[in-house]
Visitor: 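Take a look at the following structure, please.
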Amino acid sequence: MAEISWELFERQVESCAMCPLHNGIHHKVPGQGDRTAPLMLIGEGPGEREDLEGLAFVGAAGQLLTRMLAAIGLPRDRVYICNIVKCRPPFNRNPEPEEMAACMLHLRMQVALVRPRVIVLLGGTAAKATLDPNLHITRARGQWTERKGIWMMPTYHPSFLLRDESRKREAWEDMQSLKRKLTELGLYPDLYGGETP
Ligand code: URA
């Protein structure tokens, strides 16, 4: 593989036309946050606000996500946040498998650049795209899998939690499990207290 860099990543995303999703969007939404963070969060795809601002998780779901992180002592600016697809699917429909497959090139480069120790997959779409296309989020949530030295855990998507408050207890358990995993890895309470990732 040619040498990768953030500059290459940004150029690659900006010029990407590998699937039809780039048609009619306002902004690509590559992701943002601490590019050296040991914790990466991956959602599904940009919504309306994200498309307008070019930033991931800035709408209502993003505000809930910020509160969920804060509840376990993680300031949002110390994690890296992105999505499976970098362009907003029309009318917030789920991204198609071919669209996710096309965008995976960008996500792989992002993971290689950030080199997180832990990845939290927000929602069934992100978990299926990265772990197992047959997975059921209600069964898979809270379960840890190690892939190439990275610990990965699916949890509910914050948009789902906004629609179904009864799932918040399970999401809270998942956040506690995340805290335990970060502690085990020497990354908590100070995310940067352990070894440099
Ligand atoms: N939902 C997502 O999956 N990602 C965002 O960036 C916003 C809402």
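The residues of the chain are indexed from 1 along the displayed sequence. All values below come from the heavy atoms of this structure, side chains included, with hydrogens, waters and symmetry mates left out. In each ligand, atom 1 is the first atom listed, and ligand 1 is the first ligand listed.
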Visitor: Report yes or no: do Gln110 and Tyr80 form a side-chain donor-acceptor pair below 3.5 Å?
Guide: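 Yes, a side-chain donor-acceptor pair sits under 3.5 Å.
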Visitor: Taking only heavy atoms of Glu44 into account, list the atoms of ligand 1 that are under 4.0 Å away from them.
Guide: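 Near Glu44, meaning under 4.0 Å from one of its heavy atoms, ligand 1 has 2 (C), 3 (O).
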Visitor: What atoms in ligand 1 come closer than 4.0 Å to a heavy atom of Ala56?
Guide: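 The list of qualifying atoms is 6 (O).
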Visitor: Counting from 1, what ligand 1 atoms have a heavy atom of Gly43 closer than 4.0 Å?
Guide: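 Those of ligand 1 that fall under 4.0 Å from Gly43 are 3 (O).
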Visitor: Among all protein heavy atoms, pick the one closest to atom 2 (C) of ligand 1 and tell me residue, atom and distance.
Guide: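 In this structure, atom 2 (C) of ligand 1 has Gly45 O, 3.0 Å as its nearest protein heavy atom.
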Visitor: Return a yes/no value for Asn83: is any of its N or O atoms, backbone included, closer than 3.5 angstrom to an N or O of ligand 1?
Guide: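 Yes, since at least one N or O of Asn83 sits under 3.5 Å from an N or O of ligand 1.
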Visitor: Looking only at distances, please establish whether an N/O atom of ligand 1 is found under 3.5 Å from an N/O atom of Phe57.
Guide: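 Indeed, backbone or side chain, Phe57 has an N or O that close.
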Visitor: I want to know if ligand 1 touches Ala61 in the polar sense, i.e. an N/O pair below 3.5 angstrom.
Guide: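 In fact, backbone or side chain, Ala61 has no N or O that close.
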Visitor: Verify whether one side chain among Asp51 and His26 offers a donor that lies under 3.5 Å from an acceptor in the other.
Guide: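 The criterion, which ignores hydrogens and geometry beyond distance, is satisfied for His26 and Asp51.
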Visitor: Do Ser159 and His157 get their side chains close enough for a donor-acceptor pair, meaning under 3.5 Å?
Guide: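 Indeed, the side chains of Ser159 and His157 share at least one donor-acceptor pair under 3.5 Å.
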Visitor: What are the atoms of ligand 1, with element, lying closer than 4.0 Å to any heavy atom of His157?
Guide: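 In order of numbering, the contacting atoms are 1 (N), 2 (C), 3 (O).
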Visitor: When you measure from the side chain of Asn23 to the backbone of Pro20, do you find a donor-acceptor pair of N or O atoms at a distance under 3.5 Å?
Guide: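 Yes; judged by distance alone, with no hydrogens or angles, the pair exists.
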Visitor: For ligand 1, is any non-hydrogen atom under 4.0 Å from Arg49's backbone (N, CA, C, O), its side chain (CB onward), both, or neither?
Guide: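 Answer for Arg49: neither.
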Visitor: Using atom types as modelled and distance alone, determine if a side-chain donor or acceptor of Glu50 lies under 3.5 Å from a backbone N or O of Gly47.
Guide: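 Pair found, side chain donor or acceptor close to backbone of Gly47.
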Visitor: Would you say the side chains of Gln12 and His106 form a donor-acceptor pair under 3.5 Å?
Guide: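 Indeed, the side chains of Gln12 and His106 share at least one donor-acceptor pair under 3.5 Å.
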Visitor: Pairing donors with acceptors under 3.5 angstrom, does anything connect the side chains of Thr155 and Arg141?
Guide: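 Absent: no donor and acceptor within the cut-off.
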